[in-house]
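Basis for what follows: all heavy atoms, side chains included, without hydrogens, waters or symmetry-related copies. Atoms within a ligand are numbered from 1 in the order they appear, just like the ligands themselves. In this text the structure is predicted, and so the values were computed from the model without any measurement.
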Amino acid sequence: MLTDYPTDHVAGANMPGKQASADNYDDAIDAISRFLAEPPEGTPAEIIKAFELFGHQPFLPPGLFLETVEQAPVAISITDTSAHILYVNKAFESLTGYSREDVIGQNESVLSSQSTPLEVYEDLWRTIQQREVWRGTLVNHRKNGEEYLAELTIAPVLRDENQISYFLGMHRDITEVHALHQRLAFQRSLTEAALNAAPMVVAMIDANRQVLLDNHAYKALLTDCGNEEPANLFLEAVAQQLGFDLDSVCHDGEGFTNIDVRLDVDGGNSTRWFTCSGVPIPDLDDAARSYFQSGKKGSCGLLLIANEVTESRRRLNEARLNMIRANMAEQQMVGTMRESILASIFKMQAPMNIIRAAMSMSDTGSNGANMMPVLRQALETGEEAIDSLHAALPGTCLEESSPLNMNEMVQDVLRLATDRFLAGGIVVDWRAAPVLPSLNGRPNALRGILKYLIDNAIKALSESGRNYREIRIETREEGGNIVIAIMDNGPGMSVSAALKAFEPFYCGWENSREHAGMGLTMAQEVAINHGGGVEVDPDFIGGCRLFVRLPCNNTEESERGIA
Ligand code: FAD
């Protein structure tokens, strides 16, 4: 039997640089000779060949292979092609509880606990009979009946002409590893159950912003955001407010608390408000080289918690909207008065200029001398009228600048115009950037521009006589500017009209009543005072598109003054 072979005498013999004792060497040679003279029944020919080879190998100790296999810490067995056991090592004996005498000649199925599904065995046999290595997990039992999970590798040993001669099996007990995985999975389920019960949005992200763990509220928000990861939207919004960056948060170990975040989801049709907090969590570093560097600070993850406060915001917003409504009505009244008075002043300049010209001609002619008093009186009366009109011109109220979110501004104006959209049968397609940086500006003045441009779009559509009427509004950030694009599918503007549109008193409407032609001029002035501008898109086909561009970092705005 193989067990009789005295392997414990062989270690170190004949090793280069080591002087093995002559006694040890002789013992090993003697053992190999005895083994080869009477090999145990069923010992594979390859094993016998290997012993013969190593018996005559001048640099390695004889029997090294056998000794290595014998002492390997993994359970090793060699079987014939029907899985009848020919050899097992010591680790096999101690793992299974079966001695060599118990199992030699038995099928490996002696280890089966009869609870591994049949398909697993079928796959095992299909694989090894195709001369491939099979790796998998089986439920085994020890001699004492105790079950354990065996992680098993079976390699076919091939002879000449690719014939399978033996199978080499190696297995280890992974019951504890499996139990650990189960416990981890259980912990994860517990954590997820606790998170799912929480009404707030919770997500754990890694250093690459990949979501590792989330809850029901997060998943629901993900769907509402059109599958755009809400964690990224939150981080982007917080970054804009705090200059936040995940690396520095990891480095400093400090997160952020209760930051107000506005998300314009569903293309801006639904605005959601959250107060968002982030807690940095040291990341699990499973890279091999980090094994000896446990104290070193690596990357980290972030636990994001966002509490939805949309409802309370909505109530506040309603009250704010009422104030804006009143304010804009007043602003519009004042604007209309200013526009009309300026138009009157402008129109009065024409006859006055004629009078001035007539007076200069009358100076030289003899008949004209008689006309002079009349003309002078007409001029004086006209100038008095213009002075009165100037005096009646309503003043502009200076508004404080404050940080503004242009999505919110657009939305305010759209809400205020809802009745008019409905009355005009106009479909509004509002495509808001999910997150926009704030800009410094005068809210009423900017709302005034938007209202003016949207009013123009409504008017253009009503003049077009089209059945399908659409206004599309988009916001985006582009090169440090907030761009608001307002489009309508009305008649559009000709190239010459687009050039004149910003000139004072130009009016291109078919029905020009109530329009003094100062609106776009004033809108442009407000935009310029904010460091931006309004422009007509000359290439737009199928209607009219205007862009309002406003810089995000508009620090000089207050110095320019405002109309
Ligand atoms: P069986 O009816 O014997 O086999 C189940 C299915 O396996 C059969 O329906 C058939 O599809 C296939 N099958 C079985 N024998 C053969 C064959 N000779 N040729 C082709 N297909 C066949 N099993 C364990 O449970 N635990 C182990 O640790 C283990 N170690 C092994 C190590 C080696 C090196 C080898 C070659 C096999 C090992 N096996 C092990 C598999 C074992 O030999 C049995 O196939 C298995 O235990 C199922 O035995 P059974 O009596 O329950 O069912």
Side-chain angles (χ1 to χ4, degrees), residues 1-5 7 35 39-51 63-182:
M1 293 296 291
L2 277 171
T3 38
D4 298 335
Y5 179 61
T7 51
F35 172 80
E41 198 181 331
T43 305
E46 281 75 6
I47 292 179
I48 297 173
K49 267 193 205 145
F51 282 125
L64 180 63
F65 267 14
L66 181 63
E67 188 183 7
T68 306
V69 171
E70 267 294 290
Q71 295 183 17
V74 60
I76 296 177
S77 57
I78 296 172
T79 73
D80 65 11
T81 52
S82 311
H84 291 111
I85 298 172
L86 304 173
Y87 164 78
V88 295
N89 72 350
K90 283 181 182 162
F92 185 101
E93 290 182 309
S94 56
L95 173 61
T96 63
Y98 287 109
S99 69
R100 287 168 188 186
E101 288 74 20
D102 291 334
V103 290
I104 297 279
Q106 300 258 30
N107 192 290
E108 291 269 7
S109 62
V110 69
L111 297 178
S112 168
S113 73
Q114 304 298 323
S115 49
T116 303
L118 183 64
E119 307 84 70
V120 178
Y121 292 127
E122 287 172 349
D123 177 56
L124 178 161
W125 281 103
R126 201 178 313 115
T127 308
I128 60 178
Q129 286 183 334
Q130 284 169 357
R131 297 166 178 72
E132 284 167 17
V133 174
W134 183 86
R135 289 188 187 85
T137 306
L138 304 177
V139 187
N140 276 358
H141 67 185
R142 303 186 216 280
K143 189 176 178 182
N144 65 9
E146 186 190 349
E147 288 189 341
Y148 68 97
L149 262 190
E151 188 188 63
L152 174 66
T153 303
I154 304 180
V157 179
L158 304 178
R159 231 193 238 135
D160 299 341
E161 293 169 15
N162 239 9
Q163 287 296 313
I164 301 171
S165 50
Y166 306 99
F167 290 118
L168 174 69
M170 289 165 281
H171 80 270
R172 65 185 183 113
D173 182 353
I174 57 158
T175 315
E176 275 185 24
V177 178
H178 172 69
L180 201 64
H181 277 136
Q182 292 294 93

A.B. asks: Start with the C-alpha distance between E108 and S77, add both sets of side-chain angles, then the distance that settles side chain to side chain donor-acceptor pair (under 3.5 Å), and finish with yes or no.
C.D. replies: CA-CA 9 Å; E108 291 269 7; S77 57; 2.7 Å; yes
A.B. asks: Does ligand 1 have any atom sitting under 4.0 Å from a heavy atom of R126?
C.D. replies: no
A.B. asks: Can you see which heavy atom on F92 is nearest to which on A75, and at what distance?
C.D. replies: CA-CB, 3.5 Å
A.B. asks: Distance to 0.1 Å, residue and atom name: give those for the protein heavy atom nearest to atom 9 (O) of ligand 1.
C.D. replies: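 For atom 9 (O) of ligand 1, the nearest protein heavy atom comes out as L118 CD1, 3.7 Å.
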A.B. asks: Are Y121 and S109 side-chain neighbours, meaning at least one heavy-atom pair lies under 4.5 Å?
C.D. replies: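 Sidechains of S109 and Y121: no contact.
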A.B. asks: To the nearest 0.1 Å, how far is atom 44 (C) of ligand 1 from its closest protein heavy atom, and which atom is that?
C.D. replies: S109 CB, 4.0 Å
A.B. asks: Scan V177, D173, I174 and name whichever one has a side-chain contact (heavy atoms from CB on, under 4.5 Å) with E151.
C.D. replies: I174
A.B. asks: Under 4.0 Å from atom 2 (O) of ligand 1, do we find at least one protein heavy atom?
C.D. replies: no
A.B. asks: Any protein heavy atom lying closer than 4.0 Å to atom 23 (N) of ligand 1?
C.D. replies: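 Protein heavy atoms within 4.0 Å of atom 23 (N) of ligand 1 - there is at least one.
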A.B. asks: Please say whether Q129 places an N or O atom under 3.5 Å from an N or O atom belonging to ligand 1.
C.D. replies: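 N/O-N/O distance below 3.5 Å exists for this pair.
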A.B. asks: In the structure I gave you, are the side-chain heavy atoms of H84 and N107 within less than 4.5 Å of one another anywhere?
C.D. replies: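 The answer is yes, as the side chains (C-beta and beyond) meet within the 4.5 Å cut-off.
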A.B. asks: Does any part of the side chain of T96, heavy atoms only, come nearer than 4.5 Å to the side chain of K143, both counted from C-beta?
C.D. replies: no
A.B. asks: For ligand 1, which atoms have a heavy atom of N140 less than 4.0 angstrom away?
C.D. replies: 24 (C), 25 (O), 26 (N), 27 (C), 28 (O)
A.B. asks: K90 versus R100: any side-chain heavy-atom pair under 4.5 Å?
C.D. replies: yes
A.B. asks: Any idea which protein heavy atom is nearest atom 42 (C) of ligand 1, and the distance to it?
C.D. replies: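 Of every protein heavy atom, N107 OD1, 3.7 Å lies nearest to atom 42 (C) of ligand 1.
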A.B. asks: With a 4.0 Å cut-off on heavy atoms, does T116 reach ligand 1?
C.D. replies: no
A.B. asks: Looking at ligand 1, would E122 count as a contact under a 4.0 Å heavy-atom criterion?
C.D. replies: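 Judged by the 4.0 Å heavy-atom criterion, E122 does count as contacting ligand 1.
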A.B. asks: Is V139 close to L149 at the side-chain level, that is, under 4.5 Å between some pair of heavy atoms?
C.D. replies: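 Result yes, sub-4.5 Å side-chain heavy-atom pair found.
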A.B. asks: Between H171 and ligand 1, find which residue part has any heavy-atom pair under 4.0 Å and reply side chain, backbone, both or neither.
C.D. replies: neither
A.B. asks: Considering only protein heavy atoms, which is closest to atom 25 (O) of ligand 1, and at what distance to one decimal place?
C.D. replies: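 Going by distance alone, atom 25 (O) of ligand 1 is nearest to Y121 OH, 2.8 Å.
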A.B. asks: Taking only heavy atoms of S112, which atoms of ligand 1 are found under 4.0 Å from at least one of them?
C.D. replies: 25 (O), 47 (O)
A.B. asks: Considering only protein heavy atoms, which is closest to atom 33 (C) of ligand 1, and at what distance to one decimal place?
C.D. replies: I154 CD1, 3.5 Å
A.B. asks: Does atom 17 (C) of ligand 1 have a protein heavy-atom neighbour under 4.0 Å away?
C.D. replies: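 So far as the 4.0 Å threshold goes, atom 17 (C) of ligand 1 is in reach of a protein heavy atom.
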A.B. asks: Is there a donor-acceptor contact under 3.5 Å from the side chain of S165 to the main chain of V157?
C.D. replies: yes
A.B. asks: Among all protein heavy atoms in this structure, tell me which lies nearest to atom 38 (C) of ligand 1, with the distance rounded to 0.1 Å.
C.D. replies: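 Its nearest protein heavy-atom neighbour is E108 CB, 3.5 Å.
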A.B. asks: Starting from atom 45 (O) of ligand 1, what is the nearest protein heavy atom, named by residue and atom, and what distance separates them?
C.D. replies: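 Nearest protein contact, heavy atoms only, for atom 45 (O) of ligand 1 is W125 NE1, 2.8 Å.
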A.B. asks: Say whether, by atom type as modelled, one donor and one acceptor occur between the side chain of D80 and the main chain of L86 under 3.5 angstrom.
C.D. replies: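 Answer holds: no.
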A.B. asks: Within the structure, does at least one protein heavy atom fall under 4.0 Å of atom 53 (O) of ligand 1?
C.D. replies: no
A.B. asks: Identify the heavy atoms of V74 and H171 that sit nearest to each other, and give their distance.
C.D. replies: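 Closest heavy-atom pair between V74 and H171: CG2-O, 3.4 Å.
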